[in-house]
Protein chains: 2
Amino acid sequence: MPRRKSEPGLEPNRRAELLRAAAKLFVDKGFAATTTRDIAEAVGMRSGSPFYHFRSKQELLKAAMIEGLDAGRERLLAAIDGVADPEQRLRVLVRTHLGTLLEGDCRSPLLVSETRALDDKARGEIAAAFDRYQVPWQQALDELAAAGKLASAAPPVRLLLFGMLNWSSHWYRPDGTLSVDELAEAAVALLLRQPPQGTKR
Amino acid sequence: MPRRKSEPGLEPNRRAELLRAAAKLFVDKGFAATTTRDIAEAVGMRSGSPFYHFRSKQELLKAAMIEGLDAGRERLLAAIDGVADPEQRLRVLVRTHLGTLLEGDCRSPLLVSETRALDDKARGEIAAAFDRYQVPWQQALDELAAAGKLASAAPPVRLLLFGMLNWSSHWYRPDGTLSVDELAEAAVALLLRQPPQGTKR
DNA sequence: CCTACCGATCGGTAGG
DNA sequence: CCTACCGATCGGTAGG
């Protein structure tokens, strides 16, 4: 529980701190159940101060989602850089995505359901960020289909895949017997027609 | 917008009406963003009256979840009654589940994420209802694995399957080009090793 | 970014 | 199940 004072707006990462704290609280408690006071307290501010950085609680959610998604996208792109084999690339995408979801601080993809609190304009901007996030996925799926390793690469396949992965946040327990690596492998094995070499080694 | 008066507690389905309205609102707006006044208004009561039927807003959520899950389970059991072939049975389970999720009034499985608002005891009771719901699924998966139509029937497979299905509520649009039947078929095709005859007919 | 504050809303209750 | 209501909380703002 940090509790420091600082000069007006001269610390450029207080905004980022607010976003990180907000994202975490929104994921854990939900948007409506999180108060702006919770967020302020998490970064050692007074109740009114978040509104110096963001116009409204909704703005905070919107920014947390978009910047979180774009950060996740950077992580994806860095991870698949130079990975030519589409099967291996998919594996890396899945593992990286699960890392963001289950191990990260800032599990933004999980906030989709909270966008119902936003207006159409904000929802549109978030949808655009999601589209950006999905590009490398669709590309890998298309290549896999072209190589005959996937029966179809139609959009529902990508969405069903995201469903498998994202829903795991509801049941996955880090202290259980299933590692994130194994979970990633299980998801990939379900997707690909012929079970990859690493299924059960 | 119903608006009737009635005698104290003598209409036995007012409780059920409250539950149905609550479930719908909780799914659409989330637990925290739904007020007990919203729920009261949806069934034509005054703001204080839901508390004649339920001790608290949390009780309402708990009851809506458990009774909704058990109703969904009845629907599942009725649908697979007499279906001996496990592949066909899985198909029926998937289609029925998607019906509950995407076409029903009372899409209780979607409320999992809202259980964070409840205490451990209530969460335990809901987890038990979920376990009951999953029994016929695990049974079908086991039979499919035994018949060699599924690489594995370990628990993650069932959970990944539920993920595919449940997450669809975030993106599926009834007015789009994809019918619920097609979505069900796509999910089953992803799961089973050899694409079933009906993939693209 | 803090202090001090407002107006609105909300879950819940007493008493009938 | 309604009326009338309370105490607490919350998003947001003025003014510095």
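Chain letters run A, B, ... following the sequence lines, proteins first, then strands; residues in each count from 1. Bear in mind the structure is a predicted one, so any value in this text is a computation, not a measurement.
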Protein-nucleotide distance ([X], atom [atom1]; [N], atom [atom2]), rounded to Å:
| X | N | atom1 | atom2 | answer |
| --- | --- | --- | --- | --- |
| Glu41(B) | dC10(C) | CD | P | 11 Å |
| Leu60(B) | dG11(C) | CG | P | 11 Å |
| Tyr52(B) | dT3(D) | OH | P | 16 Å |
| Lys57(B) | dT13(C) | NZ | C1' | 17 Å |
| Leu18(B) | dC1(D) | CG | C1' | 11 Å |
| Leu118(A) | dG11(D) | CG | P | 14 Å |
| Phe31(A) | dG11(D) | CZ | C1' | 10 Å |
| Phe54(B) | dC1(D) | CZ | P | 11 Å |

Q | Among Arg75(B), Arg107(B), Arg73(B), side-chain hydrogen bond (donor to acceptor under 3.5 Å, both in side chains) partner for Thr100(B) | A | Arg75(B)
Q: Output all residues satisfying salt bridge (Lys or Arg N to Asp or Glu O under 4.0 Å) with Asp142(A), sequence neighbours left out; order by chain, then residue number.
A: none
Q. Is the phosphate of dT3(C), meaning OP1 or OP2, less than 4.0 Å from a side-chain N or O of Arg46(A)?
A. yes
Q: Give a yes/no answer on whether the side chain of Arg55(A) brings an N or O atom under 4.0 Å of OP1 or OP2 in dG12(D).
A: no
Q: Just grab all the ring pair (Phe, Tyr, Trp, His ring centres under 6.0 Å) pairs involving residues 82-127 of chain B, residues at least two apart or on different chains.
A: His97(B)-Tyr133(B), His97(B)-Trp137(B), His97(B)-Phe162(B)
Q. Taking only residues at least two apart or on different chains, which pairs with a member in residues 54-80 of chain A satisfy ring pair (Phe, Tyr, Trp, His ring centres under 6.0 Å)?
A. none
**Q.** Nearest listed nucleotide, side chain of Met45(B), among dG11(C), dC2(D), dC1(C)
**A.** dC2(D)
(Q) Which nucleotide wins on minimum distance to the side chain of Arg14(B), given the candidates dC1(D), dC1(C), dG12(D)? (A) dC1(D)
Q) Between Leu77(B) and Asp81(B), does a side-chain contact (heavy atoms from CB on, under 4.5 Å) hold up when you go through it step by step? A) CA-CA 6 Å; Leu77(B) 295 180; Asp81(B) 185 54; over 6 Å; no
Q. Who are the side-chain contact (heavy atoms from CB on, under 4.5 Å) partners of Asp119(A), not counting sequence neighbours?
A. Lys121(A), Ala122(A)
Q | Under the side-chain contact (heavy atoms from CB on, under 4.5 Å) test, residues paired with Asp38(A) that sit two or more places apart | A | Leu25(A), Lys29(A), Thr34(A), Thr35(A)
Q: Mind jotting down which residue pairs meet the side-chain hydrogen bond (donor to acceptor under 3.5 Å, both in side chains) criterion with at least one end in residues 168-178 of chain B? Sequence neighbours excluded, please.
A: none
Q: For each nucleotide in nucleotides 4-9 of chain C, reading 5' to 3', give B when a protein heavy atom comes within less than 4.0 Å of its base, S when such contact involves only the sugar-phosphate, and - otherwise.
A: -B----
Could you pull out every donor-acceptor pair under 3.5 Å between side chains of residues 108-117 of chain A and any protein atom, sequence neighbours left out?
from: Ser108(A); atom 1: OG; to: Cys106(A); atom 2: O; distance (Å): 3.2
from: Glu114(A); atom 1: OE1; to: Phe31(A); atom 2: N; distance (Å): 3.1
from: Glu114(A); atom 1: OE2; to: Arg116(B); atom 2: NH2; distance (Å): 3.2
from: Thr115(A); atom 1: OG1; to: Val112(A); atom 2: O; distance (Å): 2.6
from: Arg116(A); atom 1: NE; to: Ser113(A); atom 2: O; distance (Å): 3.2
from: Arg116(A); atom 1: NH1; to: Val27(B); atom 2: O; distance (Å): 3.2
from: Arg116(A); atom 1: NH2; to: Glu114(B); atom 2: OE2; distance (Å): 3.2

Q: With pairs defined as Watson-Crick or G-U wobble and both distances under 3.5 angstrom, please note down DNA chain D as a dot-bracket string, | for pairing with another strand.
A: ||||||||||||||||
